[in-house]
2 protein chains.
Amino acid sequence: MVTRAEAAATTRTALLAAASDLLDTGGPDAVTLRAVAARVGVSRGAPYGHFENKEALLARLAIDAWTSLAQEVERLRAAPGPTPAARLEGAVSTLVGVARRRPHLYALMFSTPADEPQAAQAAGRLQRAFLDIVADVVGPSQALSYAALLMSSAHGIAGLEVSGHLSKEKWTVDGDELVRLLIAAIASAR
Amino acid sequence: MVTRAEAAATTRTALLAAASDLLDTGGPDAVTLRAVAARVGVSRGAPYGHFENKEALLARLAIDAWTSLAQEVERLRAAPGPTPAARLEGAVSTLVGVARRRPHLYALMFSTPADEPQAAQAAGRLQRAFLDIVADVVGPSQALSYAALLMSSAHGIAGLEVSGHLSKEKWTVDGDELVRLLIAAIASAR
DNA sequence: CGGTTTCATATGACGATGTCATGTGAACGA
DNA sequence: TCGTTCACATGACATCGTCATATGAAACCG
């Protein structure tokens, strides 16, 4: 036997998983409340018992993605990597990697309002973890500005790459090389 | 009296202008074929006489934006600016400026497939103009990779800034300072 | 244990939207 | 002048997000 609360929690989780799946495989247009509900095996009105509306469901997906990414970078910071510069390169690659593996989810992360409290908290957590890694390379005094630069560049590299505007044939370089180039430039600039 | 072709061209232009207007003021959700048609004063089926579907209309908007941006950078290259580095800073700021002034149009530019022939051509034109400006600073041999890095970073700075994830209170820097920081780092790296 | 309440889910309905088939009237070409 | 073409209008349809309402079983309470 299953308690009512357990069943509800299961349904809620299944709804999120179904939405995530549909987003990954079919893009944003495939994420339809009806399709999500159908995949879980509930009716089209059921999601409204767990989320205020479609936007809230997607926001939850984005918040979870932010949190997961923050945790991944935190693990990277704790792991005994080689040199601090190599660890920084790994951290930046992690950011770009999310965009490569799950482009639609990545886009969703940045389409949810940054002032949403939970998303802001998870984003702040990612910022702090990343900041620590950068500080190990450039020192604490310049960490903030260079971290902002690195994060912005990673975001741009990811965006251009995913959108197809950073093709190797046109630019002769790929995203990974740009990451290394940027870190080298920052290191040389002190 | 107006010839039929003239009237059609006028309608087509008006449809694009109305869509652009709705996009700027109300975001992507406000761009409805019905709203576009209503603003022009035609029926809801009329747009299908000028564009294959809604996606094609938006693609045309994006292509025009790419072309316009390419022209702007070309003008910048031709203008007698101060130092090459200052001109480069101006070019990067131009890219970021589009995202600031017309965020929804900017997002649309990168959501249209990069393999669309006309968009690819306009993007290539922008790339060449930008490449020239970068070459004046870092020399022709390294221009390609640094141009790719600068363009990516500009794209990322713009994206983070527009999405609210690059707030000055959280990072103590703004997009313009990041642009200068990046150019300085590149210059120091040679 | 029996009655009542609660709550997750089901169902019907509504407005909005993209899209197409069809109709229409005026400009066009011979 | 008379068909033809073509830009546009209109009606219709499927799909979507959303809500009001119904239902049935779990939860609670005496």
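Rounded to whole Å, the distance from CG on L57(A) to P on dT18(D) is 11 Å. The separation between L33(B) atom CG and dA9(D) atom P is 14 Å, rounded to whole Å. Rounding to whole angstrom units, NZ of residue K54(A) and C1' of dC19(D) are separated by 17 Å. Look at CD on E55(B): it is 12 Å from P on dC20(C), rounded to the nearest Å. Atom pair E6(B):CD and dC8(D):P shows a separation of 13 Å (rounding to whole Å applied). Atom-to-atom, CG of L22(A) to P of dC16(D) comes out at 11 Å; the value is rounded to the nearest Å. Rounded to whole angstrom, the span from the CZ atom of F51(A) across to the P atom of dT18(D) amounts to 13 Å. Atom CG in D29(A) sits about 11 Å away from atom P in dT19(C), given to the nearest Å.
Residue H50(B) places its side chain closer to dC8(D) than to any other of dT18(D), dC20(C), dC8(D). Of the candidates dC8(D), dT19(C), dT18(D), the closest approach to any side-chain atom of N53(A) belongs to dT18(D). Which of dA12(D), dG12(C), dT9(C) sits closest to the side chain of R44(A) comes down to dG12(C). Taking every side-chain heavy atom of S43(B) into account, dC8(D) is the closest of dC19(D), dC8(D), dC28(C). Nearest to the side chain of T11(B), among dT17(C), dC8(D), dC16(D), sits dC8(D).
Ring-plane geometry between Y106(B) and H155(B) is classed as tilted, the angle between the planes lying from 30 to 60 degrees on a 0 to 90 degree scale.
Under a cut-off of 6.0 angstrom, the local environment of CD in E55(A) is sparse, with at most 12 non-hydrogen atoms contributed by other residues, nucleotides or ligands.
The shortest heavy-atom contact between H50(B) and A46(B) is CD2-O, 3.5 Å. Between L95(A) and A154(A), the shortest heavy-atom contact is CD1-CB, 4.2 Å.
Within 4.0 Å of G49(B), counting heavy atoms only, lies no atom of the nucleic acid at all.
With DNA chain C read from its 5' end, the first of the two nearest nucleotides for A46(A) and T32(B) is the one closest to A46(A). Annotation: of the two residues near DNA chain C, A5(B) and V31(B), the 5′-most nearest-nucleotide partner is V31(B).
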**Message:** With ring pair (Phe, Tyr, Trp, His ring centres under 6.0 Å) as the criterion, how do W171(B) and H165(B) come out once you've worked through the C-alpha distance, each side chain's angles and the decisive distance to 0.1 Å?
**Reply:** CA-CA 9 Å; W171(B) 293 97; H165(B) 286 278; over 10 Å; no
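With hydrogens and angles left out, the side chain of R34(B) and the base of dG18(C) share a donor-acceptor pair within 3.5 Å.
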